[in-house]
Amino acid sequence: MSEQFYPFKQIEAKWQKKWEKKGLFKMDPVSPKEKYYCLMMFPYPSSALHVGHGRNYIIGDVVARYKIMRKFNVLAPMGWDAFGLPAENAAIKSGIHPKTSTLNNIKTMKKQLNAWGAGYDWGREITSCLPDYYKWTQWIFLQLYKKGLAYKKKAAVNWCPSCQTVLANEQVVDGGCERCSAEVEQRKLEQWFFKITDYSQRLLDDLFLLKDWPERVRLMQKNWIGRSEGVEIDFKIADSDVVLPCFTTRVDTIYGAAYMVLAAEHPMVDDLINGHGNEKDIRKFINDVKKESVIDRVSATTEKKGIFTNRYVINPVNNRKIPLWIANYVLMEYGTGAVMAVPAHDERDFDFAKKYGLSIEVVIDNPKGSLDAKTMKEAYIEEGVMVNSHPFNGIPSLDAIEKIADYMEKEGIGRRKTHYKLRDWLISRQRYWGAPIPIIYCDKCGIQPVDEKDLPVLLPEKIKFSAKGGSASDGKPCTESPLKHAKSFVNTKCPKCKGRATREIDTMDTFVDSSWYFLRYLSPKDKKKPFDKKVVDKWLPVDQYIGGVEHAILHLMYSRFIVKVLYDMNHIGFKEPFAKLFTQGMIVKDGAKMSKSKGNTVSPDKLINKYGADTVRFYTLFIGPPEKDAEWNDRGMEGAWRFLNRVWRLVDRRPSSVSRIPSAKNKIPPLKRKTHFTIKKVTEDMEGAFHFNTALSAIMELVNEIYKFTEYGIRNTEYGKAVEIVIILLAPFVPHIAEEMWEKTGNERSVFEAEWPGYDKDALVEDSITMPVQINGKVRTKIEIASGTTDDEIKNIVLRNPVVNKWTQGKPPKKVIVVKGRLVNLVV
RNA sequence: GCCGAAGUGGCGGAAUUGGCAGACGCGCUGGUCUCAAACACCAGUGGCCGCAAGGCUGUGUGGGUUCGACUCCCACCUUCGGCACCA
């Protein structure tokens, strides 16, 4: 029986069923084999997956299957990051409860994952919106609360007017909401925070342990943490005993401080301007600044504006009296909200000083040519030699940073300090579809955490989450958490005094859900505890984590933080969650990221129906190096499809036995060597950078060689071996067709139980090699050299070569360079 | 502005302890098979000159190091990603 195309539909259904029955992806908790935890970032259950999402699961599946073949005890679980805004927003419009739509979406996506042939240990499935999961998310909150790492404060927070909720700093992109792009406003609200800033230094230090993370992700985290070292200097206010500390990283420029600037929100501003003239204008200025949008406040391009306070401060190193200003470009959240300005050596200060006619003095000279404060066009921010800074004149400014810091600490006018850009993690959300924060407010006892034994705090299912509180479909979200109106939820008893009390109505940011899920997979059904220390200590850190680079900061930083907290509380015995990270590139279509709103998504369902899952997998893997973005092209599918059919015919149909006489050009290939070379190449790609595209080309080359072989009607053991190797090497990539071919060639057990082949180094050695001969670096001819020929012999052969003689015109070359196994170059 | 990655045929991409640029695939051209097509198979395919043999040229641009540079160094251009008044 030989059909035109291979019957992928039958084959894929057959093997998907068999793997499930056999439990190919079931992790064995008692196996003596070495563990391998292969994790893909769990998806948010949106309506359906497209081929861009597919890349993530296909890569993960290839890795898991490969490790199974390498006889590891593999854990490849899957779950759902199921809380979140989109489901709630959809509910406001459609009236369908988020739980209903989410669980429906999960069903669809699960089907899609199966259709791709992606294998998971479904017995360990987790769903973050179900009480048996979020009970433990609440437990995590309580642990942080216990440690003083969860706290409530009234703070200026990022508010998205369209989503009607606050956002974490990490969720504000270019001054807009990362989800809906609406311009973010600042609001003062009572909110819950996680004190991630306590872990700034450790999050930074341990980045250096993560050698198997992409460099760029480590860099992004490093920049986000934003550590900088400097000195906090005390400036005394003139005619007062009040001290105004300010932070600088450039203490070497202290003698050039021309004025000082405060943020408009600085707490001392009010006292300072009180009764010192011009008060009205100053207050107006401050109000104007506070009204500026978030985008303008943080943009480096916004024009710098300021106003003089009529007050002065004293520079402690030279007792100079310098003016005190208020300006829009100083941030209250960083440092002390007060900045010393050195116009000659800071761009911002330079612009500001020019605008308002403030003095400029050079205190660090350019070694390449003296600076003149009167003529300079821009600030000189490089290092240089100290001037006008008695007693530090003449020394390099880099040294001066240390010397002046020492001096200040000795004199007690300043102290070394380290600052971070990282801010605390705002976790409150004024929305319904999230895990309730397990906190109770009692008039008598104040803020009380819910007792652990009373978890979970159930999210009420009957809820009205529209603005009017009436129908569920008037299209507008509430301005407060919809939980506010759920009386049976809100009204409760105080855990301490048993008196009447109310519950916190905000829910947690979904990033809290996803910052610990990788622990839950090890005991997804445990009703007594979130995870078992012994088991997670055995299985974590995750050996290979795979996901999109868009999570480089948010999810990956939060997870690292939560793991460190749990470690400190001795709940777990490891400090980092993910040993190895692979961030795959996006698949784009027509130059843009695939998205429903752009209408450029490619659905896998149709393609799988037309070509089969293996073809879709093959093309997705062949499209390019997986860490890079790639352009999807439906045509490319044809090539993958053709190849799989070509492979199929190797075992399905006896290739035509037309005997041919090998021509000189088309000599019978050394199949054994090619086979071993391919094993080497594919194994290296699997173990190394995951360059599946080159692994697949190598296999294609081998198949091409096999075909050349069959043209001559030769079917010897070398041939049989090569076909067997092709099937095994293809198995992780295109598992269904590989299994079927494996069975057809007489194997009874699954190809995933087969031994991954090793290669024979001796088989890689060639009898003879073709060496290019260069003359002055240009290839002029090629010679056939038996392997093992000495350099001298090669030289002789080359010098006798007629083509070479034509070019050298018989003259002896100046130099002959023989590169072993590579080429020969003659210099004439 | 700062930090990072990248730039190679018509297209996706391959090749770096410096050593045959364009593997593999898509597309295209010609052929075999067929009544015809589909499928498959064979041959060709960076550009320019040439009937051919062969030659010249070619990895974003301009320099440099080297017997030899996609690969290393210097300067620049472009694209993408991150950060962005952090003192």
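All of these numbers come straight from a predicted model, not from anything done at the bench. Chain identifiers are assigned alphabetically (A, B, ...) following the order of the sequence lines, protein sequences preceding nucleic acid strands; residue numbering begins at 1 within each chain.
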Taking all heavy atoms of [X] and all of [Y], pick out the closest pair and write down the distance.
| X | Y | value |
| --- | --- | --- |
| A:Lys305 | A:Tyr356 | CA-OH, 3.4 Å |
| A:Glu232 | A:His419 | OE1-NE2, 4.4 Å |
| A:Phe235 | A:Cys246 | CE1-SG, 3.7 Å |

Any chance the side chains of A:Glu638 and A:Tyr619 put a donor and an acceptor closer than 3.5 Å? no

Taking 4.0 Å as the cut-off, does a side-chain nitrogen or oxygen of [X] come that near to OP1 or OP2 on [N]?
| X | N | value |
| --- | --- | --- |
| A:Tyr329 | B:A87 | no |
| A:Arg649 | B:C41 | yes |
| A:Arg216 | B:C83 | no |
| A:Asn704 | B:G25 | yes |
| A:Asn776 | B:G68 | no |
| A:Ser697 | B:G13 | no |

Would you measure the distance from the [atom1] atom in [N] across to the matching atom in [M] and give it in whole Å?
| N | M | atom1 | value |
| --- | --- | --- | --- |
| B:G46 | B:G9 | C1' | 5 Å |
| B:U71 | B:U59 | C1' | 10 Å |
| B:G64 | B:G27 | P | 44 Å |

Residue whose nearest RNA chain B nucleotide is more 5′ - A:Arg780 or A:Pro772: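 Its nearest nucleotide lies further toward 5', so the answer is A:Pro772.
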
Starting at the 5' end of RNA chain B and moving along, which residue's nearest nucleotide shows up first, A:Lys778 or A:Thr336? A:Lys778

Using a cut-off of 4.0 Å on non-hydrogen atoms, how would the nucleic acid contact of [X] be classed: base, sugar-phosphate, or nothing?
| X | value |
| --- | --- |
| A:Val827 | sugar-phosphate |
| A:Trp807 | sugar-phosphate |
| A:Val261 | nothing |
| A:Lys628 | nothing |

Centroid-centroid distance, A:Phe618 to A:Phe643, less than 6.0 Å: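 Here the rings of A:Phe643 and A:Phe618 have centres that are less than 6.0 Å from each other.
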
Side-chain donor/acceptor of A:Lys421 to base of B:C83, under 3.5 Å: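 Donor-acceptor pair under 3.5 Å: no.
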
